[in-house]
2 protein chains.
Amino acid sequence: MKDKIKARSVPFSQTRSRHASETAEDYVEAVMELIEEKGECRVLDLARYFNVSHVTVSRIVKRLYEEELLYTQPYKPVELTPKGNSLAKKVKERHAIVLDFLLELGVDKANAYIDSEGIEHHVGPSTLNAMKRFLKKR
Amino acid sequence: MKDKIKARSVPFSQTRSRHASETAEDYVEAVMELIEEKGECRVLDLARYFNVSHVTVSRIVKRLYEEELLYTQPYKPVELTPKGNSLAKKVKERHAIVLDFLLELGVDKANAYIDSEGIEHHVGPSTLNAMKRFLKKR
DNA sequence: TGGCAAATGTAGCAATGGCTACGGATAGTG
DNA sequence: CACTATCCGTAGCCATTGCTACATTTGCCA
Ligand SMILES: [Mn+2]
Ligand SMILES: [Mn+2]
Ligand SMILES: [Mn+2]
Ligand SMILES: [Mn+2]
């Protein structure tokens with residue numbers, strides 16, 4: 001019985017852990033996209049991208065720099081470290097699969113874009129594979 | 001072009017908003033389940049359920065009491081208000097559909113339980129309907 | 001019924017991510 | 001070359017959700 005209760009708590013622990021990585025994942029993905037689009041990624045680009053203040057971005061960039069995901073120097077554009085680049089590639093691929101999956105499932109574009117932005121961070125390898133199989137069958 | 005940038009930020013705003021409701025949703029669902037199972041829901045039951053300390057639960061219960069989702073009195077079990085009860089029913093139904101959907105998609109039980117716990121909060125009406133249609137077709 | 005163990009509350013700390021206000025840096029323009 | 005607008009950093013506020021340590025209440029049983 002106690003095992004049952006403990007087992008039940010696992011999904012919540014896992015969800016908290018995933019939420020803790022979510023900001024890093026969204027930021028490296030955004031940096032990669034902005035560099036592709038505009039050639040560089042400024043703090044203000046990220047602020048507009050996420051619809052938050054430049055202060056919020058600035059603090060988070062500093063943290064991700066300490067985690068060695070981003071390069072940053074005062075008043076210079078933000079860049080991806082090799083570690084950040086590799087995470088971004090993985091995250092972008094997963095995000096694209098989740099988005100395609102929702103569209104294929106019949107969700108309209110606007111809602112697929114919205115929901116996939118949150119869902120992507122909660123899709124483990126097992127669910128991701130199931131989504132890939134679904135897409136392949138179409 | 002600015003419209004495009006602004007439109008891109010909508011999913012992130014929506015995701016932040018959903019995360020802001022997540023605790024309330026998980027708590028009312030847990031209270032309903034624990035009352036069904038044990039006849040009452042104590043602070044420590046919730047702490048074990050979520051794998052957090054009783055202090056964390058106690059503070060959150062106080063907040064949800066102020067939001068009129070829970071009844072709480074010192075050293076007494078926690079109960080659902082009508083508002084909390086109605087939210088719990090809605091949330092439990094959505095969670096069950098997401099879980100069934102993942103299982104039907106071919107995700108193993110353990111991962112379906114884990115992933116659905118996070119995904120549920122990012123499933124809007126449009127995606128929920130798509131999942132229902134998918135389940136009906138099986 | 002007295003006392004102990006379990007449950008709950010309170011105080012206070014940390015990390016994260018929102019914000020406004022203000023000040024300094026940078027880069028383009030006249 | 002100086003001005004000015006834009007960009008960015010810093011200070012400091014708040015809310016949320018984790019935590020430990022300690023105090024208090026409750027309820028059961030010896
Ligand atoms: Mn993303
Ligand atoms: Mn995202
Ligand atoms: Mn949940
Ligand atoms: Mn989430």
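Side chains are part of it too, since the values below use all heavy atoms of this structure and drop only hydrogens, waters and symmetry mates. The chains referred to below are lettered A, B, ... by the order of the sequence lines, with proteins before strands, and numbering in each begins at 1.
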Peer 1: Run through B:Leu128, B:Val91, B:Ile97 and flag the one making a side-chain contact (heavy atoms from CB on, under 4.5 Å) with B:Glu120.
Peer 2: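 When B:Leu128, B:Val91, B:Ile97 are each tested with B:Glu120, the side-chain contact (heavy atoms from CB on, under 4.5 Å) holds only for B:Val91.
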Peer 1: Could you go through B:Leu69 and B:Leu80, starting from their C-alpha distance and side-chain angles, then the distance that decides it, and tell me whether this counts as side chain to side chain contact (heavy atoms under 4.5 Å, CB included)?
Peer 2: CA-CA 6 Å; B:Leu69 291 167; B:Leu80 290 167; over 6 Å; no
Peer 1: With sequence neighbours excluded, give me every ring-ring contact (aromatic ring centres under 6.0 Å, His included) pair touching residues 6-28 of chain B.
Peer 2: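 As it turns out, the ring-ring contact (aromatic ring centres under 6.0 Å, His included) pairs with a partner in residues 6-28 of chain B, which skip direct neighbours, are A:His19-B:His19, A:Tyr49-B:Phe12, A:Phe50-B:Phe12, B:His19-B:His122, B:Tyr27-B:Phe50.
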Peer 1: One thing to verify: whether A:Arg42 and A:Glu40 come together as a salt bridge, which I'm taking to mean a side-chain N less than 4.0 angstrom from a carboxylate O.
Peer 2: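 A salt bridge links A:Glu40 with A:Arg42.
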Peer 1: Provide a list of protein-nucleic acid N or O atom pairs under 3.5 angstrom, restricted to nucleotides 7-10 of chain C.
Peer 2:
from: C:dT8; atom 1: OP1; to: B:Arg42; atom 2: NE; distance (Å): 2.5
from: C:dT8; atom 1: OP1; to: B:Arg42; atom 2: NH2; distance (Å): 3.0
from: C:dT8; atom 1: OP2; to: B:Leu44; atom 2: N; distance (Å): 2.9
from: C:dT8; atom 1: O3'; to: B:Tyr75; atom 2: N; distance (Å): 3.4
from: C:dT8; atom 1: O2; to: B:Tyr75; atom 2: OH; distance (Å): 3.4
from: C:dG9; atom 1: OP2; to: B:Ser58; atom 2: OG; distance (Å): 3.0
from: C:dG9; atom 1: N7; to: B:His54; atom 2: NE2; distance (Å): 3.0
from: C:dG9; atom 1: O6; to: B:His54; atom 2: NE2; distance (Å): 3.1
from: C:dT10; atom 1: OP2; to: B:Lys62; atom 2: NZ; distance (Å): 3.3

Peer 1: Quickly work out the B:Arg63 CZ to D:dC14 P distance and round it to whole Å.
Peer 2: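 Those two atoms, CZ and P, are 18 Å apart.
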Peer 1: With sequence neighbours left out, what residues match A:Glu37 under salt bridge (Lys or Arg N to Asp or Glu O under 4.0 Å)?
Peer 2: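 By the salt bridge (Lys or Arg N to Asp or Glu O under 4.0 Å) rule, A:Glu37 matches B:Arg8.
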Peer 1: Which residue pairs satisfy the salt bridge (charged side-chain N to carboxylate O under 4.0 Å, His left out) criterion with at least one member in residues 75-93 of chain A, sequence neighbours excluded?
Peer 2: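 Every salt bridge (charged side-chain N to carboxylate O under 4.0 Å, His left out) pair that includes a residue of residues 75-93 of chain A, provided the two are not neighbours, is A:Glu36-A:Lys92.
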Peer 1: For B:Leu46 and D:dT17, give me the distance from atom CG to atom P, rounded to whole Å.
Peer 2: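 Taking CG of B:Leu46 and P of D:dT17, I get 14 Å after rounding.
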Peer 1: Does the base of D:dG18 carry an N or O that pairs as donor and acceptor with the side chain of B:Arg59 under 3.5 Å?
Peer 2: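 Looking at the base of D:dG18, it does pair with a donor or acceptor on the side chain of B:Arg59 (distance under 3.5 Å).
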Peer 1: Output yes when B:Asp100 and B:Arg138 qualify as a salt bridge under the 4.0 Å nitrogen-oxygen rule, no when they do not.
Peer 2: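 No salt bridge links B:Asp100 with B:Arg138.
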Peer 1: Apply salt bridge (Lys or Arg N to Asp or Glu O under 4.0 Å) to B:Arg63 and list each qualifying residue two or more places apart in sequence or on a separate chain.
Peer 2: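 Checked B:Arg63 against salt bridge (Lys or Arg N to Asp or Glu O under 4.0 Å); matches are B:Glu67.
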Peer 1: Of all of residues 11-29 of chain A, which get a heavy atom below 4.0 angstrom from DNA chain C, listed by number?
Peer 2: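 Here the set is A:Thr23.
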Peer 1: Report yes if at least one side-chain N or O of B:Thr56 is closer than 4.0 Å to OP1 or OP2 of D:dC19; otherwise report no.
Peer 2: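 So the side chain of B:Thr56 is within the cut-off, an N or O lying under 4.0 Å from OP1 or OP2 of D:dC19.
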